[in-house]
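The shown structure was predicted, so the numbers you read here are calculated from the model rather than taken from an experiment.
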Amino acid sequence: MEWSDVKVFLAVAREQSLGAAARSLGISHPTVGRRLRALEAATGQALFQRHNEGAVLTEAGEAVLRLAEDMEASALAMQRRLAGGSERPEGVLRVSAPDWFASSVLPPVLHALQRQHPGIVPELMAGTRLFDLSRREADIVFRVVPFDEADIVQRRLMCVPYAVYAACEAEAPAADGEGAALLAMDAPGLHYPDVAWLRQRLPRARTVFATNHRGLQARLCARGMGIAVLPRPVGEQIAGLRELDLGGLPPGREVWMGYHRDLRRMDRLRALADLAARMLGDGVLDPPLRN
């Protein structure tokens with residue numbers, strides 16, 4: 001039984017479609033069908049029932065699904081252990097971070113990493129997606145919520161203050177926000193305390209735009225499109241913005257850094273984690289990185 005065929009079986013089981021499984025694996029639709037037929041021939045069982053809209057597991061397929069998932073977990077663990085045993089700080093390092101953190105906070109750290117370890121090639125994925133570290137979708141992740149997955153080494157890196165901004169030429173809003181326009185953050189499944197705070201402060205203001213990209217939010221704010229709450233590192237770097245005093249400060253956000261424990265000895269990961277802790281860590285409430 002080939003592990004590559006078992007990967008196809010899992011992809012089809014999760015996507016419930018041969019075409020969607022092919023796209024998720026980055027292979028062709030005919031290849032998925034061929035490998036699935038080879039697996040069914042090897043097992044002597046029909047694992048899926050095909051229909052016009054996709055494929056569903058048969059009773060035999062349901063019976064082996066958990067075993068296939070266990071095979072996948074073992075294969076992924078082997079990959080992580082081998083990657084974590086790297087003794088040279090060189091090679092590709094997959095990094096994930098929110099767009100604003102990647103563009104406004106991380107550059108000095110990445111510059112220092114390049115100067116000290118020119119053989120390391122960071123591959124930065126900026127956005128709101130929460131990557132699966134157990135599958136090595138990313139090697140090291142910076143995000144604004146703690147990690148609740150198993151086997152993750154994490155640390156509270158810093159607390160980023162937020163402030164209210166408007167275009168330099170914009171007038172201050174009325175006390176209740178009457179007539180004011182708001183630029184909000186919005187993304188499925190995510191909560192933004194700063195947006196809730198701003199709407200509470202300016203209950204009569206009208207939301208005119210929502211995005212999941214802080215950089216775009218800040219630039220539209222600088223163009224006079226509305227009021228926005230931004231991380232200070234973003235607001236201070238965008239020309240044309242001024243800070244507004246609404247009688248208090250919006251809640252800041254904690255930034256957490258994490259990676260899978262199987263990668264804790266990967267030298268290129270340790271190089272970035274140690275630099276980030278030294279250059280960005282507030283050093284007050286946090287213990288040192290755990291091995």
Q. Taking only residues two or more places apart in sequence, or in another chain, which ones meet Arg23 in a salt bridge (Lys or Arg N to Asp or Glu O under 4.0 Å)?
A.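 With neighbours one apart ignored, the set is empty.
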(Q) Within 45 degrees of the ring normal and closer than 6.0 Å to the centroid, is that where the cationic atom of Arg143 sits relative to Phe147? (A)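 That pair qualifies as a cation-pi contact.
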Q.
For Phe142, run the ring pair (Phe, Tyr, Trp, His ring centres under 6.0 Å) check against Trp256, Phe101, Phe131 and tell me which one passes.
A.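 Of Trp256, Phe101, Phe131, ring pair (Phe, Tyr, Trp, His ring centres under 6.0 Å) with Phe142 is met by Phe101 alone.
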Sidechain N-carboxylate O distance under 4.0 Å for [X], [Y]:
X	Y	answer
Arg232	Glu243	yes
Arg214	Asp194	yes
Arg156	Glu254	yes
Lys7	Glu69	no
Arg278	Asp274	no
Arg204	Asp176	yes

Report whether [X] and [Y] are members of the same hydrophobic cluster (ILVMFWY, side-chain heavy atoms less than 4.5 Å apart, transitive linking).
X	Y	value
Val64	Val56	no
Leu47	Ile27	yes
Met257	Met279	yes
Val164	Met225	no
Leu183	Leu246	no

Okay, side chain of [X], backbone of [Y]: is any donor-acceptor separation there less than 3.5 Å?
X	Y	value
Thr207	Phe209	no
Gln217	Thr211	no
Arg199	Val195	no
His117	Gly119	no
Asp99	Gly215	yes
Glu15	Ala20	no
Arg155	Gly281	no
His213	Leu216	yes
Thr43	Glu40	yes
Arg253	Cys159	no

Report the distance from atom [atom1] of [X] to atom [atom2] of [Y], rounding to the nearest 0.5 Å.
X	Y	atom1	atom2	result
Leu65	Phe9	CG	CZ	5.0 Å
Leu39	Gln45	CG	CD	11.0 Å
Arg37	Phe48	CZ	CZ	13.5 Å
Arg94	Leu133	CZ	CG	10.5 Å
Ile120	Asp267	CD1	CG	8.0 Å
Gln154	Arg261	CD	CZ	14.0 Å

Do [X] and [Y] have side-chain heavy atoms sitting under 4.5 Å apart?
X	Y	answer
Val95	Asp139	no
Leu249	Trp197	no
Ile140	Leu263	no
Leu93	Met266	yes
Tyr165	Arg242	no
Leu130	Ser96	no
Thr31	Arg35	yes
Ile227	Leu202	yes

Q: Could you walk me through whether Arg129 and Glu137 pass the salt bridge (charged side-chain N to carboxylate O under 4.0 Å, His left out) test, one step at a time?
A: CA-CA 11 Å; Arg129 179 185 167 193; Glu137 293 180 344; 2.9 Å; yes
Q: Kindly indicate, with the supporting measurements, whether the criterion side chain to side chain contact (heavy atoms under 4.5 Å, CB included) is fulfilled by Leu275 and Gln116.
A: CA-CA 10 Å; Leu275 271 173; Gln116 296 181 25; 3.7 Å; yes
Q.
Could you tell me if Tyr259 and Arg270 have a donor-acceptor pair between their side chains, going purely by distance under 3.5 Å?
A.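 Present: a donor and an acceptor within the cut-off.
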Q.
Quick one, Asp186 with Asn212, criterion side chain to side chain contact (heavy atoms under 4.5 Å, CB included). Give me CA distance, side-chain angles, the key distance, then yes/no.
A. CA-CA 5 Å; Asp186 187 27; Asn212 67 346; over 6 Å; no
Q.
I'd like to know whether Leu241 forms a side chain to side chain contact (heavy atoms under 4.5 Å, CB included) with Cys168, so could you lay out the CA-CA distance, the side-chain angles of the two residues, the decisive distance to 0.1 Å, and finally the verdict.
A. CA-CA 5 Å; Leu241 290 178; Cys168 289; 5.6 Å; no
